[in-house]
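In this text, all values refer to a predicted model and were calculated from it rather than measured experimentally. A, B, ... follow the sequence lines: proteins, then strands. Residue 1 opens every chain. Values below: every heavy atom of this structure, side chains too, minus hydrogens, waters and symmetry copies.
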Protein chains: 2
Amino acid sequence: MDLVNASVRPLSAPPPSAPDPLPAKPDRGRLSADAWVDAALDLIAEQGVAALGVEPLARRLGVTKGSFYWHFESRDALLEAALKRWETREMEGLIREADRIADPRERLVDLFRRTSREMRTHVIYSALLKALDHPAVRPVMQRLSQRRIQYLALAFRALGLSRRDAINRARLSYAAYVGFLQLILQLRLQRIDPADYDAYVEHVVETLIPPLLA
Amino acid sequence: MDLVNASVRPLSAPPPSAPDPLPAKPDRGRLSADAWVDAALDLIAEQGVAALGVEPLARRLGVTKGSFYWHFESRDALLEAALKRWETREMEGLIREADRIADPRERLVDLFRRTSREMRTHVIYSALLKALDHPAVRPVMQRLSQRRIQYLALAFRALGLSRRDAINRARLSYAAYVGFLQLILQLRLQRIDPADYDAYVEHVVETLIPPLLA
DNA sequence: CCCTGTCAATACGGTAGCGTATGGATCTCG
DNA sequence: CGAGATCCATACGCTACCGTATTGACAGGG
């Protein structure tokens, strides 16, 4: 499954915290704060931040808001909890990423290709992109985007680009990423068939990643 | 004023339709449907589609919704009218654009540079990007974006790129445009100073526009 | 066995917005 | 000047949601 023609579905098993074949299942159908956060992220992925409401979410989970307000102060508290969880996971991903491949060019190419094939992350990122008005969302996105652009700049630097060029190339690449997300995920600009899509990704790679002539 | 560090303000003189020094001003403070549409576009530019409501807009104009519902069926009718007006103007702009410059490379470079310096259009486009869920917004954006990408593809073709490369370069360029809009206008990724900004634009030009070697 | 902590349902009050109905004001034109 | 058209205000009902308060269900530990 790649970025194009992808559908969005819950895909949250009761997070990593519940390995239950049977053992540690305290109640039937009772919810933890974590479960609410997971559900919130699912809802955001599917319908965007604006659709995240406590009553709608409660209905979706088959309970009433009486439950919700036991776990959280307010709707915004839930949003912030969800953002927090998401941000730390994304940041961890970035770090894990750090030096998987030695050759600097191959590292970048691999990053581009992998990015084009993952999904869940981008769906949420894209949804959050549409909610940048919200005061809780913007700082999270600013931090993450900054970090990723810095990472890209470093990678381009390692390819022999000047400091200035590396930064600008990083900005350009990231802008292309963000824009493509919106075009595909939100605008649904036309469902490109997979072969075409691969060709596009390769074109991007060749256009944006210089040939390591340092 | 360029894309960076730009503030968003009404800037709608009572549209082009009212050239009044004094002559054709029928009433004092009475509103036409056009005036509502203009105000709607202003509001969208400032606060996004989600903020477009009839009561808020009425307050803003110093009247009550009693007035609004005389001119329009519903909130959505207003949105559609605003989208219609905006779309036709944008399309006209695209056409007017068509062949202002003979040399195909210079035409593209000029387009990129001019795009980086205009404002109003992009603000609304960017606001609409965040409202692509709305069934009235998406088709408009699909048409416009398609047209612009086609235009770009033609331009790149004229530079000697293969049909496939031209299309992919057009997609990439447009994605970079869309992404940069979100990054700057919505995320406010850090206010780049003008010199830096110009350098970025030149970097984009050099990276995305090949040297006409056909 | 019951007591306490945990999670959930119900009921309530409050806000903000949509759309309708109806009457008032003002302008135009015959 | 009066009649119709045009624009606006007011008042109303309705919906969807937030947040609070109160009570209920139920588990596990003493």
For the residue pair A:L185 and A:M119, establish whether any side-chain heavy-atom pair is separated by less than 4.5 Å.
yes
Output the single nucleotide from D:dC12, C:dA9, D:dC7 whose closest atom is nearest the side chain of A:T64.
C:dA9
Counting heavy atoms from C-beta on, name the nucleotide in C:dC18, D:dT6, D:dG19 closest to the side chain of B:R30.
D:dT6
Is A:R148 close enough and on-axis enough to A:Y125, meaning under 6.0 Å and within 45°, for cation-pi?
yes
Starting at CG of A:L57 and ending at C1' of D:dG19, how long is that distance when rounded to a whole Å?
16 Å
Within the 4.5 Å heavy-atom criterion, are B:R171 and A:L189 side-chain neighbours or not?
no
What nucleotide, of D:dC17, D:dT6, C:dG19, holds the atom closest to the side chain of A:P56?
D:dC17
For the side chain of B:L31, starting at C-beta, report the closest nucleotide among D:dC8, C:dA8, C:dG17.
D:dC8
B:L78 CG - C:dC18 C1' separation (whole Å)
13 Å
Nearest whole angstrom, please: distance from the C1' of C:dG17 to the CG of B:L79.
15 Å
Nucleotide C:dT20, atom P - distance to CZ of B:R75 in whole Å
15 Å
From D:dT6, C:dC18, C:dT6, pick the nucleotide closest to the side chain of B:E55?
C:dC18
Choosing from D:dG19, C:dT20, C:dG17, which nucleotide comes nearest the side chain of A:V54?
D:dG19
OP1, OP2 of D:dA16 versus side-chain N and O of A:R59: anything below 4.0 Å?
no
Respond yes when some side-chain nitrogen or oxygen of B:H71 is under 4.0 Å from OP1 or OP2 of D:dC8, and no when none is.
yes
Which of C:dG19, D:dT6, D:dC26 is nearest the side chain of B:S74? It is C:dG19
Map A:G66 and A:L52 onto DNA chain D by nearest heavy atom, then report which one ends up closer to the 5' terminus.
A:L52
From the list D:dC8, C:dG17, C:dA8, which nucleotide is the closest neighbour of the side chain of A:V63?
C:dA8
d(CZ, B:F68; P, C:dG17) in whole Å:
14 Å
Regarding A:D196 and B:R164, does a basic nitrogen lie under 4.0 Å from an acidic carboxylate oxygen?
yes
Could you check whether any side-chain heavy atom of B:E73 comes within less than 4.5 Å of a side-chain heavy atom of B:E80, counting everything from C-beta outward?
no
Can you tell me the distance, in whole Å, between the OH atom of B:Y69 and the C1' atom of D:dT10?
15 Å
Between NZ of B:K65 and C1' of D:dC7 the distance, given in whole Å, is 17 Å
Please report, rounded to the nearest Å, how far the P atom of C:dC7 is from the CH2 atom of A:W70.
4 Å
